[in-house]
Amino acid sequence: MEKIIIAIDGYSSTGKSTIAKRLARELGYIYVDTGAMYRAVTLFAMENGLLDGEVADREGLIRKLGDINIRFVLNDGLGYAETFLNNVNVEERIRTMEVSNRVSGVAAISEVRHKLVEEQRKMGEGKGIVMDGRDIGTVVFPDAELKLFMTASPEIRATRRYKELLGKGKEVTYEEVLENVIDRDYIDSHRKDSPLMKAPDAIELDNTDMGKDEQFERIYNHAMRII
Ligand code: C5P
């Protein structure tokens, strides 16, 4: 069977990673969560005094980029990879609201993007990869064989994310989550460098009223037509 690259882009909390993980498992592909990489850089900035309030100290962070090492390590018990920042497991810490509120500012810095895009391209060299993010089909792999663009209403996305965070025991309000989803989408879509947008050849999937199984089957069928 031919190995391909599957690029999944879209707005925040549209369920990209859930679909991408399942697809990778079914196909025996590698799954890469590029949002985790931008979150890890943000955590690094937070822990190294490289943020001025909510805003990144751009020059300071750029100088330190060489000190940031991000790896994904498979956790056999969980069945998926966890994110390591400089050899420390940060999977939990990168998912907090503190990181969510700052990550889009950090991700708008071109030097940060260049570093991470280069690493992402290396991961895809052997194909057989499902990668999700905001610029995978447009910038990282413009020649990806299958591109998807996921959308859903902000309210439904915030509701899903809110329930997920509550399930993990986090103290958040629905309003706070909705505001974060809307803010991130705005910053991600309006930044100068590789803004979030649908690649012309991407298949758009609005999952506002669609269950996980239906979404998965549609995407899986698209993949099987190519592979
Ligand atoms: O996917 P996730 O919601 O975890 O991504 C967190 C943030 O990282 C996004 O809101 C965006 O600012 C940034 N990001 C990006 N490019 C990617 C993946 C994520 O700019 N390819």
Side-chain angles (χ1 to χ4, degrees), residues 5-21 31-46 51 54-56 58 61 65 68 70 72 80-83 85 90-124 129-142 144 147-152 154 157-158 160-162 164-165 168 170 172 177-199 202 207:
I5 293 180
I6 302 177
I8 307 186
D9 290 304
Y11 293 98
S12 306
S13 307
T14 41
K16 300 184 292 295
S17 68
T18 308
I19 288 288
K21 272 184 204 154
Y31 163 62
V32 177
D33 171 1
T34 63
M37 300 171 78
Y38 289 93
R39 287 173 178 274
V41 174
T42 306
L43 183 69
F44 178 90
M46 286 164 63
L51 284 173
E54 297 235 326
V55 183
R58 199 176 166 279
L61 181 56
L65 281 179
I68 302 178
I70 300 164
F72 293 107
Y80 59 82
E82 294 180 301
T83 314
L85 168 63
V90 292
E91 188 57 37
E92 273 263 319
R93 276 187 291 149
I94 59 171
R95 310 284 169 195
T96 60
M97 283 307 287
E98 287 75 20
V99 171
S100 297
N101 285 333
R102 293 165 173 89
V103 61
S104 290
V106 169
I109 301 172
S110 286
E111 287 80 355
V112 171
R113 305 204 69 80
H114 289 161
K115 172 187 166 73
L116 299 188
V117 167
E118 198 178 308
E119 292 175 12
Q120 290 153 11
R121 286 188 179 141
K122 274 195 200 128
M123 293 176 197
I129 195 164
V130 185
M131 193 174 275
D132 79 27
R134 303 293 188 289
D135 59 343
I136 312 306
T138 50
V139 175
V140 182
F141 296 121
K147 297 181 187 178
L148 301 157
F149 191 83
M150 316 245 308
T151 66
R157 292 188 279 126
R160 290 175 189 157
R161 183 102 187 100
Y162 174 61
E164 189 186 322
L165 287 166
K168 286 183 182 165
K170 306 271 190 258
V172 283
V177 176
L178 178 63
E179 195 183 329
N180 176 255
V181 160
I182 294 171
D183 280 357
R184 273 203 286 150
D185 288 345
Y186 184 84
I187 302 172
D188 293 343
S189 315
H190 289 81
R191 68 179 172 226
K192 276 208 195 91
D193 191 342
S194 41
L196 166 65
M197 60 177 158
K198 179 184 162 302
N207 63 30

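All ligand and atom numbering here is 1-based and tracks the order in the structure.
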Considering only protein heavy atoms, which is closest to atom 14 (N) of ligand 1, and at what distance to one decimal place?
-> Tyr38 CD1, 3.6 Å
Among all protein non-hydrogen atoms, which one is nearest to atom 1 (O) of ligand 1, and what is the separation to 0.1 Å?
-> Arg134 NH1, 3.1 Å
Select the closest option to atom 20 (O) of ligand 1 among Arg102, Arg95, Arg191, Arg39, judged by heavy-atom distance.
-> Arg191
Which pair of non-hydrogen atoms, one from [X] and one from [Y], has the smallest distance, and what is that distance?
X      : Y      : value
Arg134 : Leu196 : O-CD1, 3.6 Å
Lys192 : Pro195 : O-CD, 3.7 Å
Arg160 : Ser13  : NH1-O, 4.4 Å
Arg157 : Tyr11  : NH1-CB, 3.4 Å
Asp9   : Ile136 : OD1-N, 2.9 Å

Within-cut-off N or O pair, [X] and ligand 1, under 3.5 Å:
X      : answer
Asp188 : yes
Thr34  : yes
Lys16  : no

In terms of side-chain geometry, is the basic nitrogen of Glu164 or Lys170 positioned less than 4.0 Å from the acidic oxygen of its partner?
-> no
Are Asp33 and Arg95 close enough for a salt bridge, meaning some N to O gap below 4.0 Å?
-> yes
Mind checking whether Arg113 has a heavy atom under 4.0 Å from ligand 1?
->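 For ligand 1, residue contact (heavy atoms, under 4.0 Å) with Arg113 is present.
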Atoms of ligand 1 close to Asp135 [distance to a heavy atom under 4.0 angstrom, numbered from 1] | 16 (N), 17 (C), 21 (N)
Of all the atoms in ligand 1, which lie at a distance below 4.0 Å from a heavy atom belonging to Ala107?
-> 12 (O), 13 (C), 20 (O)
Is ligand 1 under 4.0 Å from a heavy atom in the side chain of Arg184, in the backbone, in both, or in neither?
->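 For Arg184, the contact with ligand 1 is made by the side chain alone.
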